[in-house]
Amino acid sequence: TPLGPTSSLPQSFLLKCLEQVRKVQADGTALQERLCAAHKLCHPEELVLLGHALGIPQAPLSSCSSQALQLMGCLRQLHSGLVLYQGLLQALAGISPELAPTLDMLQLDITDFAINIWQQMEDVGMAPAVPPTQGTMPTFTSAFQRRAGGTLVASNLQSFLEVAYRALRHFTKP
Amino acid sequence: ECGHISLPTSTVRLGDSITASCTISPNCSHLGPESQILWKLGTQLQLGERQQRLADGSQESTITLPPLNRPRDLLSCCLRWGNSVQILDQAELWAGHPPAAPHNLSCLMNLTTNSLICQWEPGPHNHLPTNFTLKSFKSRDNCQTQEDSILDCVPKDGDSHCSIPRKYLKLYRHMGIWVQAENALGTGKSPQLCLVPMDVVKLEPPTLWALAPSPEVAPPQPGCLLLRWELWKPSLYIEQKCELRHQPQLGEASWALVGPLLPETLQYELCGLLPSTAYALQMRCVRWPLPGQWSDWSPSLILTTAQQ
């Protein structure tokens, strides 16, 4: 399999990662659209205070930012971030019957993506000795908190994926 | 229970024979000391080879049937009673073949149903009730080692296809898949496929549109057509290439192919055609550069070229 310009990783893996980012972005957009349509939660900026109170963690992607772009570091952070979002989405379970299928699809695609990266890192011997854990998750104590939390998580996820996508695009450039 | 038929098995291969015995219990109130046990295979009355009285007073008759040449038959144990023949017990006999190995197994990832749809050829009819099961497992490598198995996919009766739902799939990892056919006489297994679900994704065709002349869009040259197309929405996240084919609506004209074409084009001018002629246009797309399956051709768009 032809290697990507950053030598250690196959080009097909990087192309699949790009595809998976776009797929998760599409799922995330679907969740945002349904939260807006069903619950009028359309603007995450209206939920910043609540977000602080709920303590919704964000995933660092410093090794994926243009200033300090570093492939394996970026992949590790991308994988840890995906694991974090798996946890956050699990914490949103029971968000609402209409949103459940969309949330399930998003979880499946994020899990697929995390496994794909982890197994590729293992294959090239660059996987961390200890897999990342999800850490403490926020507790959503009401239906509204789950929906507001969903709006915030979806928005944070899109920003996270945007940074990841730009980095992956850079790594696939010949 | 007056009479009871005992069989080593109720299913044999076509052409094999079978030995049955029937025991008539002593408390069967109609039983005379020397009542004769008769057998009926289908509608044909037969005598057993041997009839004996057992220690408990019951009577037992044994019969070895002729080679069975019908897939299904009914064996009855009877008793002559006055002028009539009384049926005391009945057994269903099946005759057929072990299942052939299913073949031509193929799978497609369907993004509409979000499932992996596999189909196969069941092989020749074996005359026996046969269960087909689509079996699969996840694998880290090229299906040399089995990671964890996936829930069996059981098709509806008579179907030769089955769908594995998204939640059981790892879209970007290898999985081994095969079909198992099973009946009372044995099991047949298809060759195993090793695939990555997303690498067998089959997209829906794009939608072709005519581009009407407008202030921004100049009318097409003679022998040219103006058109645009849109990808199938659920596949927008997938990088693709497309191809176009066109055919003049004149007698037995053949299709001409144009491609590869970029998946998203707001305006495309197709030239080199006959002037004032109606053309059928179709388009299809495929995941690319990553592997995938070509979509079907889109429905035809009929456009007529400008006059000379």
Side-chain angles (χ1 to χ4, degrees), chain A residues 1-2 4 9-30 33 78-79 82 86 89-90 93 100-125 127 158 161-162 164-165 168-169 172-174, chain B residues 109-116 136-148 150-151 163-175 194-204 230-241 263-264 285-293:
Chain A
T1 314
L9 289 174
Q11 178 80 348
S12 63
F13 166 69
L14 294 169
L15 290 174
K16 283 178 189 174
C17 282
L18 283 169
E19 184 175 277
Q20 288 188 276
V21 169
R22 293 192 297 264
K23 186 164 175 40
V24 174
Q25 283 176 316
D27 295 336
T29 303
E33 285 165 358
L78 178 51
H79 176 263
L82 292 170
Q86 278 177 280
L89 294 172
Q90 274 153 20
T102 309
L103 193 65
D104 291 346
M105 187 57 70
L106 181 54
Q107 275 184 291
L108 280 170
D109 286 338
I110 284 181
T111 303
D112 257 17
F113 192 9
I115 288 172
N116 204 21
I117 293 174
W118 180 261
Q119 288 188 349
Q120 184 64 56
M121 288 197 293
E122 279 187 331
D123 290 350
V124 298
Q158 297 290 20
L161 292 170
E162 207 41 57
Y165 194 78
L168 288 166
R169 282 239 42 118
T172 49
K173 282 202 180 71
Chain B
M109 182 66 198
N110 183 309
L111 293 187
T112 307
T113 58
N114 253 307
S115 59
L116 185 70
S136 55
F137 60 87
K138 294 171 195 157
S139 173
R140 266 300 290 267
D141 42 40
N142 290 336
C143 303
Q144 306 308 315
T145 53
Q146 177 165 336
E147 233 175 32
D148 32 73
I150 294 171
L151 199 69
S163 297
I164 302 175
R166 168 71 180 87
K167 62 185 175 189
Y168 298 120
L169 299 170
K170 287 286 174 273
L171 296 185
Y172 292 83
R173 307 308 302 176
H174 282 95
M175 60 191 290
C194 183
L195 57 83
V196 175
M198 276 308 283
D199 289 351
V200 292
V201 67
K202 180 176 180 181
L203 309 173
E204 290 298 319
E230 281 177 15
L231 289 182
W232 178 50
K233 196 168 186 307
S235 72
L236 287 179
Y237 70 90
I238 294 173
E239 231 172 309
Q240 310 170 38
K241 69 176 178 183
E264 287 285 293
C285 297
V286 66
R287 181 186 193 225
W288 181 86
L290 292 170
Q293 299 278 327

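Here is how names work: the chains are called A, B, and so on, in the same order as the sequence lines, proteins then strands, and each is numbered from 1.
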- Inter-residue atom distance A:K23.NZ - B:L236.CG, 0.5 Å rounding: 12.0 Å
- Interatomic distance, OH@B:Y172 vs CG@A:N116, rounded to 0.5 Å, equals 8.0 Å
- Message: I want to check something: taking the side chain as every heavy atom from C-beta on, are A:I115 and B:K138 in contact at a cut-off of under 4.5 Å?
- Response: no
- Does any heavy atom of chain B fall under 4.5 Å from the side chain of A:D104, the backbone, both, or neither of them? neither
- Query: Side chains of B:Y237 and A:Q20: do they bring a donor and an acceptor to under 3.5 Å?
  - Reply: no
- Counting only heavy atoms not in B:W232, do more than 12 sit closer than 6.0 Å to its CH2 atom? yes
- Going through the distances and angles, do B:L290 and A:Q11 end up as a side chain to side chain contact (heavy atoms under 4.5 Å, CB included)? CA-CA 10 Å; B:L290 292 170; A:Q11 178 80 348; over 6 Å; no
So for [X], is it side chain, backbone, both, or neither that comes closer than 4.5 Å to the heavy atoms of chain A?
X: B:P289; result: side chain
X: B:D141; result: neither
X: B:R173; result: side chain

- Note on the structure: Closest non-hydrogen contact found for B:L171 with A:D112 is N-OD2, 2.7 Å
- Message: Out of B:K170, B:R140, B:E239, B:K167, return the one with the most heavy atom pairs under 4.5 angstrom to chain A.
- Response: B:R140
